[in-house]
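Shown next, in structure tokens, is the structure this report addresses.
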2 protein chains.
Amino acid sequence: MGRTAGRSFDRMDVARAAWRVIVRDGLHEASVRAIAKELKATTGVVTYHFRDKEDLMLFALDRLSQGIEDAIDHQMRGAVGPDRLLRLLEATLPVGPRQAQGWRIWFVFTGYALAHPRLMEEHRRRLDRLRQRIATELSALRKVGAVAGTVKPLKEADAIVALGDGIGLSHLLRPELYPPARQREIMWTYLGPLLRRKGRDSPKSGRA
Amino acid sequence: MGRTAGRSFDRMDVARAAWRVIVRDGLHEASVRAIAKELKATTGVVTYHFRDKEDLMLFALDRLSQGIEDAIDHQMRGAVGPDRLLRLLEATLPVGPRQAQGWRIWFVFTGYALAHPRLMEEHRRRLDRLRQRIATELSALRKVGAVAGTVKPLKEADAIVALGDGIGLSHLLRPELYPPARQREIMWTYLGPLLRRKGRDSPKSGRA
DNA sequence: CAATTAATATAACATCTGTTATTTTCTTGA
DNA sequence: TCAAGAAAATAACAGATGTTATATTAATTG
């Protein structure tokens, strides 16, 4: 085989190489040859593991999406009450290098997807899942009395998603204006009036 | 010349054709030949008016940016008090077909620009100008006592920009979830606690 | 009207793209 | 050890791309 160690490439290796190329050089430069080069391999590896380029791109996007959801699950594990919502948002906002890079890839894909129905579908699904998760949390908080009974979870979730996406987008353009602390501050300025603080106030420092 | 009427093409005609292609087919399909075809002309027109493709793209983006600013100026003309901020936001949010299309182009360019320093510069400038304008309005409102003295205009402007961009992005992905009325509702839910309403409350219906 | 220039069309270029086919190399199992 | 199959490399192709050069046409001016 081609590599020094015994293991060979799999689909995930190719997808990761594609991510790196996209982050560094943009989607325009992410040709089959460039991705193979990033892998330190040849185009044969790519064509062997994927039917065509759309297959590769859909796979790369799907795995990115799934990785983000796994990160959300991981961060929320064991948390209760309003802390659950906090951690959920921490996993999506670009407050760390990992999230920031994910955001970047996602965003580049989004711009491309606007003219490609298949990719657009994937984006909508991700948005819907996030929306539902946030709404679920709000629902639970409402039952416990942590948010007002007048709050409609799905509608409020839409607003939170929009604010989160906006913070992510702004961060991509001007990272120095939207450091992690500022991101949290903006988000909690919005969330503040929504949550009936019993005892503690909004959090000062977040988790990585 | 090529066209039925006597007038010939100029740089703006080419830019408009580029916009249409980008909106319809995406940036990947916006080749020199495709843009010329959209113009119902040949590539000669494009190469005559622009040094190279980057020249064309920078021009197209610059004119888009300027068009949005002109729209802001036009909508704000004559308005006073909090109404000025309202109209400013109305001009940027995708509450009408014109703004929505502008948003779409802008967004596609942004995804592309992330790997292109020259275009990135232009994006940052636009963000900064918008930020400054919003901050100016908040400053004026603070002097009049319409917003609390504790509000820091620039910081608050950053949050508003983020929310606005988020609404625009969300609208692109799921227009049915973010119709104009909903966009305004989200924005004013955030702005509400910021503005000391004297007399009237937040607006129910906006301007086109 | 003729000559000059501006505007557009056409043609040709080298390069890059995704894809397919073929060949080589490595791994595995009997 | 050696055949069989998997994985990777290589080669080739048709088409598209940005760019440049040239030719053609329309407008302008004297």
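Everything quoted here is computed from the prediction, not taken from an experiment. What's counted below: heavy atoms across the whole structure, side chains too, no hydrogens, waters or symmetry copies. In the text below, chain A, chain B and the rest are named by the order of the sequence lines, each starting its count at 1.
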- prompt: Around atom CZ of B/R129, are there more than 12 heavy atoms of other residues, nucleotides or ligands at under 6.0 Å?
  reply: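 Counting neighbours around CZ of B/R129, more than 12 heavy atoms of other residues, nucleotides or ligands fall under 6.0 Å, so yes.
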Side-chain touch [X]/[Y], heavy atoms, less than 4.5 angstrom:
| X | Y | result |
| --- | --- | --- |
| A/R87 | A/R77 | no |
| B/Y190 | A/T189 | yes |
| B/F50 | B/M57 | no |
| B/K155 | A/R182 | yes |
| B/L85 | B/L88 | yes |

Check the distance between [N]'s [atom2] and [X]'s [atom1] and give it to me in whole angstrom.
| X | N | atom1 | atom2 | answer |
| --- | --- | --- | --- | --- |
| A/H49 | C/dT20 | NE2 | C1' | 17 Å |
| B/K37 | C/dA9 | NZ | P | 14 Å |
| B/I35 | D/dT17 | CD1 | P | 11 Å |
| B/D13 | C/dT8 | CG | P | 9 Å |
| A/L39 | D/dA9 | CG | P | 9 Å |
| A/L56 | C/dG18 | CG | P | 10 Å |
| A/F9 | C/dT27 | CZ | P | 13 Å |
| B/D10 | C/dA6 | CG | P | 17 Å |

task: List in chain and number order the residues that pass side-chain hydrogen bond (donor to acceptor under 3.5 Å, both in side chains) with B/H123, two or more places apart in sequence or in another chain; answer none if no residue qualifies.
output: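 Only B/T110 meet the side-chain hydrogen bond (donor to acceptor under 3.5 Å, both in side chains) criterion with B/H123.
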message: Test of understanding: with side-chain hydrogen bond (donor to acceptor under 3.5 Å, both in side chains), list the residues that count as partners of A/D165, not counting sequence neighbours.
response: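 For A/D165, no residue satisfies side-chain hydrogen bond (donor to acceptor under 3.5 Å, both in side chains) once neighbours in sequence are set aside.
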Could you list, one pair per line, each protein nitrogen or oxygen that sits under 3.5 Å from a nitrogen or oxygen of nucleotides 18-22 of chain D, together with the distance?
from	atom 1	to	atom 2	distance (Å)
D/dG18	OP1	B/K53	NZ	2.5
D/dG18	OP2	B/V32	N	2.9
D/dG18	N7	B/R33	NH1	2.9
D/dG18	O6	B/R33	NH2	2.9
D/dT19	OP2	B/K53	N	2.9

- prompt: Does B/W19 have B/R63 sitting over its ring (NZ/CZ under 6.0 Å from centre, angle to axis within 45°)?
  reply: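 Judged by the rule (NZ or CZ under 6.0 Å from the ring centre, within 45° of its axis), B/R63 is not positioned above B/W19.
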message: Looking at A/P94, is its backbone amide N or carbonyl O close enough to the side chain of A/Q183 to form a donor-acceptor pair, meaning the two atoms are under 3.5 Å apart?
response: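 Confirmed, A/Q183 side chain pairs with A/P94 backbone.
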query: Of the nucleotides C/dA9, D/dA9, D/dA6, which has the atom closest to the A/Y48 side chain?
result: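 Given the options C/dA9, D/dA9, D/dA6, the side chain of A/Y48 is closest to D/dA6.
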field: Sorted by number, the residues of residues 105-114 of chain A with heavy-atom contact under 4.0 Å to DNA chain C
entry: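 Residues of residues 105-114 of chain A that come under 4.0 Å of DNA chain C do not exist, since none gets that close.
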Sub-4.0 Å heavy-atom contacts from residues 16-27 of chain B onto DNA chain C, ordered by number: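 Within this stretch, nothing sits under 4.0 Å of the strand.
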message: So, does B/H28 get its side chain near the phosphate of D/dA16, meaning an N or O under 4.0 Å from OP1 or OP2?
response: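 Checking D/dA16 against B/H28, no side-chain N or O comes under 4.0 Å of OP1 or OP2.
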- request: Only pairs at least two apart or in different chains count here, so list each ring-ring contact (aromatic ring centres under 6.0 Å, His included) that has a residue in residues 26-48 of chain B.
  value: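 The answer is A/H28-B/H28, A/Y112-B/H28.
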